[in-house]
Amino acid sequence: MLDIKKIRDNTIEVQAGLNKRGNYDLGPILALDEKRRKTLTNVEEMKSRQNIVSREIPKYKKEGKDCSEIFAEMKELSTKIKDLDAEVKAFDDEMRYQLLSFPNIPNEHVTVGKDESDNKEVRKWGEPRTFDFEIKAHWDIGVDLDILDFERAVKITGARFSMFKGEGARLQRALINFMLYTHCMEHHYTEISPPFMVNRESMTGTGQLPKFEDDAFHIPSKDFFLVPTAEVPVTNIYRDEILAEEDLPQYFTAYTPCFRQEAGSAGRDTRGLIRNHQFDKVEMVKFVHPDNSYQELEDLTQNAERILQLLEIPYRVVELCTGDLGFSSAKTYDIEVWMPSYNRYVEISSCSNFEDYQARRANIRFRDIESNKTRFLHTLNGSGLAVGRTFAAILENYQQADGTVSVPEKLTHYMWGKTVIGK
RNA sequence: GGAGAGAUGUCUGAGCUGGUUGAAGGAGCACGCCUGGAAAGCGUGUGUACACGUAAGUGUACCGAGGGUUCGAAUCCCUCUCUCUCCGCCA
């Protein structure tokens, strides 16, 4: 959420920032703000008078004065106040809704661009392997090895769901454990196992609501949402709280399944593990001091990259341009993994600095030691990594001529010593 | 799911027969005094948000959330949420 005071005082600057992302007009909200403050001043004066008179009444009563005239006047005032209060509340609600509908302003250094074609490759790691046999896509490898079963997943639930079996299920779990181990033991994150359903306030806090309600799976009986990413429950850990400055930074990592309705609507990647309604992900979330959130973003991105380095799978890092940036993000690096069957890099992680955008929505603050004032902190998060896509990348990059898949060395321990899947 | 109790400031804990209560008392914390230093003791201070103001400051709101009654509500009424105890059910 943007700061209404900033919009008011630096309108031109904010408008310029929004223009980098699309068509947004600050006019209506400024008009609303103007009306709200006018009405507020008005009603507050009335309330002040109401308070003053109210304090006098006990004295009058003690003196045995007749108060009926005052009561009549105050009754009228009270009615006016009620009406104006309702007006202010209507302005507040409308303003909040509009404020929630503005995306974050991109960081000033982020390239201005239209769509993903304007994204900038930052670095590359590893060389895509050359195969001396006909390669298969991960869904064929998985089905042939009997470790993935898409048909039965469709029977059980429906399209865009998948089922892991035997060594497939084990590989999935191995990846989760390996990622959590690396982030906790090497990168010093604290593991969280959060609820997989969240309420409306949490979804609003991180920016999924109100604009993207259709993308989420909703439980009507409770008005809960299945988590689309662990970012939602974990970022909301500190919603409506004030932390001490010395408690910053805080790093959390969490495994959760992720549920997304939007997956599938695009009609792309209809086969395999790339785009499903349910997928597993290990997420990293940081709560940091505003002064060093950009260094924290660099570190976070490298924490995610580390997983692919240890698994020895080629990838590249891309900096998103303003047109491709997520709604709440000020700056984002995507990590893309090499996917042989696609013959290109495919997104496997997205690492973002939200600056104070989520913190303001979710009301997460810290107390500044020097001024003793509260300030919004900065939140960041990144996938570390999307497990389903990592699974797919392993099958494809580690496939062998005989149809089996060798297990990355770092994973064999988590695979109970297994070095080749399918043998 | 049924019955009952409760939700107040950083914490504890009054107020709940409606009227200087942002909210007693205590603890904690900060600063000052005292001390060789510390403890104890004494004194002062100690929430958030919004509006107006260059500022000092002033005003308004907030006692789980939202409504209502009233000239006036932390205090009365209704709805919801959460917590605790007992019962039922259950991995």
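Reminder, nothing fancy here: chain letters follow the sequence lines and each chain counts from 1.
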Given that both pair distances must be under 3.5 Å and the pair must be Watson-Crick or G-U, what runs of three or more consecutive pairs involve RNA chain B?
->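 RNA chain B forms these stems: B:1-7 with B:81-87, B:10-12 with B:25-27, B:28-33 with B:41-46, B:47-52 with B:57-62, B:64-68 with B:76-80.
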With sequence neighbours excluded, tell me which residues meet side chain to side chain contact (heavy atoms under 4.5 Å, CB included) with [X].
X: A/E409; result: none
X: A/I242; result: A/R365, A/R367, A/T374
X: A/N51; result: A/R55

Write out all pairs satisfying side-chain hydrogen bond (donor to acceptor under 3.5 Å, both in side chains) with one or both partners inside residues 142-156 of chain A, taking only residues at least two apart or from two chains.
->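 Sorted result for residues 142-156 of chain A: A/K136-A/D144, A/D146-A/K165, A/D149-A/R152.
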Of all pairs that satisfy side-chain hydrogen bond (donor to acceptor under 3.5 Å, both in side chains), the ones with a partner from residues 317-327 of chain A, not counting sequence neighbours |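 Only A/N119-A/D324 qualify under side-chain hydrogen bond (donor to acceptor under 3.5 Å, both in side chains).
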For nucleotides 19-23 of chain B, which of its nitrogen or oxygen atoms have a protein nitrogen or oxygen under 3.5 Å away, and what is each distance?
residue	atom	partner	partner atom	Å
B/G19	O6	A/K61	NZ	2.7

Among residues 192-207 of chain A, which residues get a heavy atom nearer than 4.0 Å to RNA chain B?
->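 Contacting residues: none.
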What are the atom names and distances for every N/O pair under 3.5 Å that joins the protein to nucleotides 61-64 of chain B?
residue	atom	partner	partner atom	Å
B/A61	OP2	A/N51	ND2	3.4

Any residue meeting ring pair (Phe, Tyr, Trp, His ring centres under 6.0 Å) with A/F354, in chain and number order, not counting sequence neighbours |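 Expected list: none.
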Tell me, please, which residues at least two apart from A/F217 pass ring pair (Phe, Tyr, Trp, His ring centres under 6.0 Å).
->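 Checked A/F217 against ring pair (Phe, Tyr, Trp, His ring centres under 6.0 Å); matches are A/H277.
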Listed partners of A/K20 passing salt bridge (Lys or Arg N to Asp or Glu O under 4.0 Å), at least two apart |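 For A/K20 there are no salt bridge (Lys or Arg N to Asp or Glu O under 4.0 Å) partners, ignoring immediate neighbours.
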